[in-house]
Structures are given as C-alpha cells and as structure tokens.
Amino acid sequence: QVQVVESGGGLVQPGGSLRLSCAASGSIFSMNYMGWYRQAPGKGRELVATITSGGITNYADSVKGRFTISRDNAKNTMYLQMNSLTPEDTAVYYCRLVVFLSAHEYWGQGTQVTVSS
C-alpha cells in the first residue's frame, strides 16, 4: 500500500517563503516521478512542478524562478521551496507520485498555503 503525505503549508505574508514536503511510503519502484499540483478556490487543479527519479525538473511558467522542486530518493521524499510568494499562490497544494512500471498514480491529502498580509 502506497501513501503520500504532504506537510509544510501555512500562512505566510507576500514575499515570504515556505517549504513543502511530501513523504511517500510503501512499495515504490525506482522509476517514477513526483510532482506538485495546486488548486485555488473556485479553480481547477494545475501543475506546479515535477521531478523524475533522475532529477529532471519541469515548472509551470507562473512559478519559474521562484519555486524549486527537489527530492531525496533515499527517503522517498519530495520538497517544494517556494520563495517570493504572492496571493496568487494561495491554494491547496497536492503531492503526486507516478510509478512508470505500473502506471499507477498516488495523491496526497493536500496542504493549505495561504499568502496574505
């Protein structure tokens, strides 16, 4: 049984920073990628950033230069360093794990990020 759990969300002022973590547990194959998605109130879920097990990253245009995705394969943990946050970044952030071999995907419960003064 694979589970994915996010943490690190909270309230931050504009211009501030947060670091989100996503810990995966269970039987996880090596060939995979993980990603961060977010959903703002009244809007659909959108991709924020992804990272493969080999370290290849991809970012949404809206967060390039501000967010950094990383992972620790030994710990099966992914991180999202968010800098220069704006109110537009306010959303529930979700962790996603995709296992290539089985084509299975797993989602976390989400963690709330609120950017407000």
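Basis for what follows: all heavy atoms, side chains included, without hydrogens, waters or symmetry-related copies.
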Mind checking whether [X] and [Y] have side chains closer than 4.5 Å, heavy atoms only?
X     : Y     : answer
Asn32 : Arg71 : yes
Val4  : Cys22 : yes
Leu20 : Glu6  : no
Val48 : Tyr93 : yes

Heavy-atom pair with the smallest gap, counting every atom of [X] and [Y]:
X     : Y      : answer
Leu18 : Gly8   : CD2-O, 3.9 Å
Val92 : Gln112 : CG2-OE1, 3.2 Å
Pro41 : Thr90  : CD-O, 4.3 Å
Gly35 : Ile69  : CA-CD1, 4.5 Å
Ala60 : Leu47  : CB-O, 3.4 Å

Please determine whether residues [X] and [Y] belong to a single hydrophobic cluster, defined as Ile, Leu, Val, Met, Phe, Trp and Tyr linked transitively by side-chain heavy-atom distances below 4.5 Å.
X     : Y     : result
Trp36 : Tyr94 : no
Val12 : Leu80 : yes
Ile51 : Tyr37 : no

Value rounded to 0.5 Å, distance of [atom1] in [X] from [atom2] in [Y]:
X      : Y      : atom1 : atom2 : answer
Arg96  : Trp107 : CZ    : CH2   : 5.5 Å
Met78  : Thr50  : CE    : OG1   : 9.5 Å
Met34  : Asn76  : CE    : CG    : 7.5 Å
Arg45  : Arg38  : CZ    : CZ    : 13.0 Å
His104 : Leu97  : NE2   : CG    : 11.5 Å
Ser116 : Asp89  : OG    : CG    : 12.5 Å

(message) So does Ser53 get a backbone contact from the side chain of Asn73, meaning a donor-acceptor N/O pair under 3.5 Å?
(response)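 Confirmed, Asn73 side chain pairs with Ser53 backbone.
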
(message) side-chain contact (heavy atoms from CB on, under 4.5 Å) for Gln81 and Ser17? Distances and angles first, verdict last.
(response) CA-CA 7 Å; Gln81 179 65 47; Ser17 299; 3.9 Å; yes

(message) The test is side-chain contact (heavy atoms from CB on, under 4.5 Å); show your working for Val115 and Gln13 and say whether it passes.
(response) CA-CA 5 Å; Val115 184; Gln13 293 184 336; over 6 Å; no

(request) Go through the steps for Tyr79 and Thr68 under the test side-chain contact (heavy atoms from CB on, under 4.5 Å), then give the verdict. (result) CA-CA 8 Å; Tyr79 307 93; Thr68 302; over 6 Å; no

